[in-house]
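See structure below.
Keep in mind that this is a model prediction, so the values were computed, not measured.
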Amino acid sequence: MKNKLGMGIFFIFAGAFLALGPQMIFPVCPVGEKIMKCFWTTKAEIGIGTLIIFGGILLLTASSEELRKGVSLMIAGTGFIGILIPATLIGGCMNPEMRCNTSTIPAIYIIAGIIVLAALINAVYLNKAAKRG
């Protein structure tokens with residue numbers, strides 16, 4: 001029960017942080033005449049963060065450990081896509097000194113990496129718990 005509640009709440013907050021962080025806490029440069037790739041990267045992270053929030057809600061409401069393990073693996077995959085968006089799928093600005101390359105993208109890597117790691121650890125824990133029980 002503690003795992004169900006703790007991990008569910010963790011992923012809800014982590015997903016919200018991934019979705020809103022690039023918008024509010026560590027934003028990219030303001031939009032000027034030309035919209036840069038980093039703008040679209042942060043918009044895509046809103047969708048990724050939202051999916052992780054939904055995964056956290058599913059962890060809170062799911063009754064079986066097998067279902068929670070599957071949701072944890074889905075969250076890990078979604079978090080990995082959150083890493084791929086700035087790394088290869090969309091990217092950031094070409095100038096390495098721009099705000100997106102110095103703060104926004106590294107923050108996305110850290111948050112999404114923690115999400116992936118926590119989700120994989122949770123899936124392994126639930127797998128062992130299912131074998132015990």
Contact check, side chains of Gln23 and Lys43, non-hydrogen atoms, under 4.5 Å: yes
Counting only heavy atoms not in Phe54, do more than 12 fall under 6.0 Å of its CZ? no
Could you please spell out the steps behind the side-chain contact (heavy atoms from CB on, under 4.5 Å) verdict for Thr42 and Ile46? CA-CA 7 Å; Thr42 60; Ile46 293 172; over 6 Å; no
Lys69 side, atom NZ; Leu59 side, atom CG - distance, nearest 0.5 Å: 13.5 Å
Rounded at 0.5 Å granularity, tell me how far CZ in Phe17 sits from CD1 in Ile52. 13.0 Å
So, Asn95 versus Asn101: side-chain donor-acceptor pair below 3.5 Å or not? no
Among Met98, Arg99, Lys37, which residue satisfies the side chain to side chain contact (heavy atoms under 4.5 Å, CB included) criterion with Cys93? Met98
Is the closest side-chain heavy-atom distance between Leu5 and Leu60 below 4.5 Å? yes
Mind listing the closest non-hydrogen atom pair of Pro22 and Thr104 along with its distance? CB-CG2, 4.0 Å
Distance-only, no hydrogens or angles: does the Thr78 side chain make a donor-acceptor pair with backbone N or O of Ile48 under 3.5 Å? no
Within a reach of under 6.0 Å around CZ of Phe10, are more than 12 heavy atoms found that belong to other residues, nucleotides or ligands? yes
Min side-chain heavy-atom separation Leu20-Ile25 under 4.5 Å: no
